[in-house]
There are 2 protein chains.
Amino acid sequence: MAEIAALAGVSKPTVSKVMNGQPGVAAGTRERVERVIAERGYVRHGAARALSAGRAGSVNLVVKEVDNAYFTEVIRGVEETLERAGLSMVLTATHDEARRHRRWMARVVEHGTDGAILVLPDEHFAHVEELRRHGIPVALVDDRGESPPGVPSVGATNFAGGFAATEHLLSLGHQRIAMVGGPPFKSTRERIAGYRTALQEAGVPPDPLLEKPGGFVAETGYEAARALLRAPDPPTAIFAGNDLQAIGVYRALYELGLHTPDDVSVVGFDDLPLARLLTPALSTVRQPVREMGALATKMLLGIIAEETLESTRVELATSLIVRESSAPPRY
Amino acid sequence: MAEIAALAGVSKPTVSKVMNGQPGVAAGTRERVERVIAERGYVRHGAARALSAGRAGSVNLVVKEVDNAYFTEVIRGVEETLERAGLSMVLTATHDEARRHRRWMARVVEHGTDGAILVLPDEHFAHVEELRRHGIPVALVDDRGESPPGVPSVGATNFAGGFAATEHLLSLGHQRIAMVGGPPFKSTRERIAGYRTALQEAGVPPDPLLEKPGGFVAETGYEAARALLRAPDPPTAIFAGNDLQAIGVYRALYELGLHTPDDVSVVGFDDLPLARLLTPALSTVRQPVREMGALATKMLLGIIAEETLESTRVELATSLIVRESSAPPRY
DNA sequence: CCCCTCGCCAAAACCGGTTTCGTAAACAAT
DNA sequence: ATTGTTTACGAAACCGGTTTTGGCGAGGGG
C-alpha cells in the first residue's frame with residue numbers, strides 16, 4: 001500500500017480510503033489512485049486488514065458432515081449469501097467426534113471469524129455457549145432443540161410437513177402407514193407429531209409397531225423397511241423421516257421384490273435434488289434447505305452489523321411434492 | 001497475550017514461544033505460562049498471527065459447484081487432511097460464472113490463503129496463472145488438461161477405467177455398447193479412449209451413433225439414453241461417463257418401461273456413495289475421489305513447506321465395482 | 001580469579017493495513 | 001482584511017501477534 005501511495009503521490013490513509021470507498025478524497029485524487037491500483041493489480045493484505053479493522057472477512061460454517069446432500073444444500077445457500085456480502089466461507093465439519101471438540105473449536109475461534117453458522121453438530125449446546133463466550137455471533141440452521149434462548153435459528157414447519165405427508169397418504173386410501181423416525185432432534189419430534197396428529201384426525205388408530213426409530217441415513221431406512229414389511233399386517237405406505245432414509249426404503253423394497261408405488265407407497269422429507277431423479281421419483285415434503293441456509297446467513301450478517309432482528313426464530317414453510325412414489329393402495 | 005504475560009510474570013515473546021512450542025523457555029516457566037493460558041482459556045488472535053508470521057493458516061478450495069456429490073467427496077478428503085494439519089478450509093464455488101471471475105479471484109487472493117486447490121473450475125488456466133502470479137501455491141484435482149506445466153495435479157487412471165468398464169460389458173456378451181461422454185475435460189477424453197480401445201481390441205466395430213456427448217449431470221444421461229433407446233438397433237448396454245449421468249439413464253429406462261439390467265445394462269463412473277444405494281445398485285468404475293482430494297492437499301502442503309515433490313502428476317488407480325446394474329444381454 | 005560461553009528472557013522492531021487527530025488550504029461570511 | 005468553516009490530506013498511533021536483538025546471570029575452562 002505504501003508503494004501505491006508513493007506512485008500516486010499520496011499517503012497510505014488516502015489509498016486506504018479509496019479502496020474502501022470512504023469519503024474525504026477529492027475526485028481527481030481518487031481517480032489517480034484507482035488508476036495506479038488497477039495498473040499494479042494491487043490487492044489488500046487480508047490478514048493486515050483483518051487485524052487493524054477488527055473484521056475477519058469470513059464466516060465459519062460448522063456442519064456435522066459434508067458428504068450428505070442435506071448439508072450440501074445448506075452450504076450452497078450460505079455460500080451464495082456470503083459471496084454476495086463479499087465474505088469468505090470457512091467450512092468445518094465436526095464428524096460427530098466429541099473427543100476432538102476442543103481441538104476444532106480452538107481452530108474456529110483462533111481463525112477469528114466474524115460469525116458462525118451451526119448446522120446440527122453434536123455437542124450443539126456446548127458449541128454455542130463457547131462461541132458466545134468468545135463473542136462470536138452465532139446463527140443456527142435446523143435447531144436441534146437444545147440451544148440456549150436468544151440464539152437466532154432458522155427451521156422449517158416440520159409439524160405441518162409431517163401432517164401433510166400423512167394426510168396425503170391417507171387421502172390416497174392408505175390406512176396402515178408406517179413412519180421411520182430420525183435422530184432425537186426437535187425437527188424429528190415435530191414430524192412425528194404431525195404424522196400422529198394426521199392419523200388421529202382421520203380416526204386411524206395408531207400402531208406403535210409402525211413407528212420405527214432411526215438415523216438420518218439410508219441404512220436405517222433400509223433396516224426399518226425390512227422389519228416393517230416382513231412383519232404380519234405390513235404397512236401399505238411408508239413415510240420416511242428424510243429422503244436418505246427413503247432411498248434405503250427403496251432398497252429394501254427392491255430386495256423384497258416389491259414395487260413402488262404399486263405395492264408400497266413411499267414419501268420422504270427434505271426434497272433433496274436427488275429426490276426427483278430417483279426411479280420412481282420420490283414424493284416428498286419439500287424443505288427449502290438452501291433458503292434456510294441463506295436466511296440464517298442473512299440473520300447472522302444482521303447481528304454482525306448490530307441490527308436488531310425482528311425475530312430470533314424463523315420457520316420456513318414446507319410443501320408437499322407429489323411425484324411417482326405415492327399412489328392408492330392396491331386392494 | 002500481554003495479559004497472559006503479565007499474569008505469568010513473563011514477557012510477550014515468552015508466551016509466544018510457549019504457544020508455538022519453541023525452545024528457549026525453561027521448563028518451569030513454560031509450565032507456569034501454560035497453566036495461565038489454560039486458566040484463562042486464551043486463544044491466539046488468528047489475524048495478528050497471520051500478519052506477523054506471514055502464514056494465513058488456511059487453504060482455499062475452489063470447486064465448480066458444491067451441490068454435486070463428486071465435489072463433496074473431494075471436499076471431504078481435503079477437509080480431513082487440512083484438519084489434521086491444523087489448517088482451516090475456505091471453500092469457494094465458481095458456479096461457472098466467468099463474468100464474476102475477477103471478483104471472486106480478488107476475494108481468494110485478498111483473503112490471503114497459504115495455498116489453493118482447484119477442482120475443475122471454468123477458466124482453469126487463467127485461475128492458475130493468476131494465483132501463481134500472486135505467489136499462491138496451487139494444486140489441482142482432476143486436471144482439465146489445460147494447466148500450465150509444473151502445477152501438481154492428482155487424477156485417476158481414466159483410460160484404464162473406461163477400458164475396464166467396456167471390457168466388463170463385452171465379457172458379459174454385450175456387443176452394442178453405448179457411451180455417454182462428458183464435458184471436454186482431459187479425464188473424459190481418456191475414458192472415451194478407453195472405451196474405444198476396448199471395443200477395438202474385442203473386434204467390435206465402433207458406431208459413432210452410440211457415442212453421445214453430454215455434461216456431467218443427470219439430465220444429459222437422461223437425454224442421451226432416450227435418444228439411444230428410441231433409435232433403431234438400440235444398445236443393450238450403456239456406459240455412462242459418470243454416476244450422475246447413470247442416474248439419468250435409469251430415469252430414461254424407467255420411463256420407457258425398460259428394466260435394468262434385464263433389458264439394458266448400465267455402468268457408471270466415479271462410485272459416488274450414492275451408487276450402491278440406487279436400485280438396482282450401480283455397477284461403476286470406482287475413482288478414489290476422497291483420496292484424490294487428500295493427496296492433492298498433501299502435495300500442496302508439501303509445496304508450502306518448500307519440500308521438493310517427487311512427482312508433479314499423480315494418477316490414482318480406478319477399479320471396476322460390479323453391482324446389480326450389469327448382466328448378460330437378454331437374448 | 002577472570003574471561004567466555006550459553007541459556008533464558010525482555011525490549012524493541014516489525015508485519016500491512018485502518019483509524020484518529022491535526023493541519024493546511026480553500027472558501028464563505030462578516 | 002479578518003475570522004469561521006469546511007474539505008483534503010498526512011503523520012502517527014494502533015491492532016496482536018512474531019522475530020530480532022541484546023543483556024544478564026550462571027556455569028565452565030584457563
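So you know, we letter chains A, B, ... as the sequences are listed, proteins then strands, and number each from 1.
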Note: contacts of residues 30-52 of chain A with DNA chain C (heavy atom, under 4.0 Å) are A:Tyr42, A:Arg44, A:His45, A:Ala48, A:Arg49, A:Leu51, A:Ser52
Considering only heavy side-chain atoms of A:Met1, the closest of D:dC9, C:dT18, C:dT19 is C:dT18
**Request:** Evaluate the side chain to side chain contact (heavy atoms under 4.5 Å, CB included) criterion for residues A:Val18 and A:Val10: first the C-alpha distance (whole Å), next the side-chain angles of each, then the deciding distance (0.1 Å), finally the verdict.
**Result:** CA-CA 11 Å; A:Val18 170; A:Val10 295; over 6 Å; no
Contact class for B:Val15 vs. all strands (heavy atom < 4.0 Å): base, sugar-phosphate, or nothing? nothing
- Which is true for A:Glu110 with a 4.0 Å heavy-atom rule: it touches a base, it touches only sugar-phosphate, or it touches nothing? nothing
Next item on the list: Would you indicate what B:Gly9 reaches in the nucleic acid, counting non-hydrogen atoms under 4.0 angstrom: base, sugar-phosphate, or nothing?
Entry: sugar-phosphate
query = Got more than 12 heavy atoms from elsewhere within 6.0 Å of CD, B:Glu31?
reply = no
Whole-Å distance, B:Asn20 CG to C:dC9 P, equals 16 Å
Backbone of A:Asn68 reached by a side-chain donor or acceptor of A:Thr72 within 3.5 Å: yes
Pick base, sugar-phosphate or nothing for A:Glu3, based on heavy-atom distances below 4.0 Å to the nucleic acid. nothing
Between B:Ala27 and A:Lys12, whichever has its closest DNA chain C nucleotide further toward 5' is B:Ala27
Winner on side-chain proximity to B:Thr14, out of C:dT18, C:dC9, D:dG17, is C:dC9
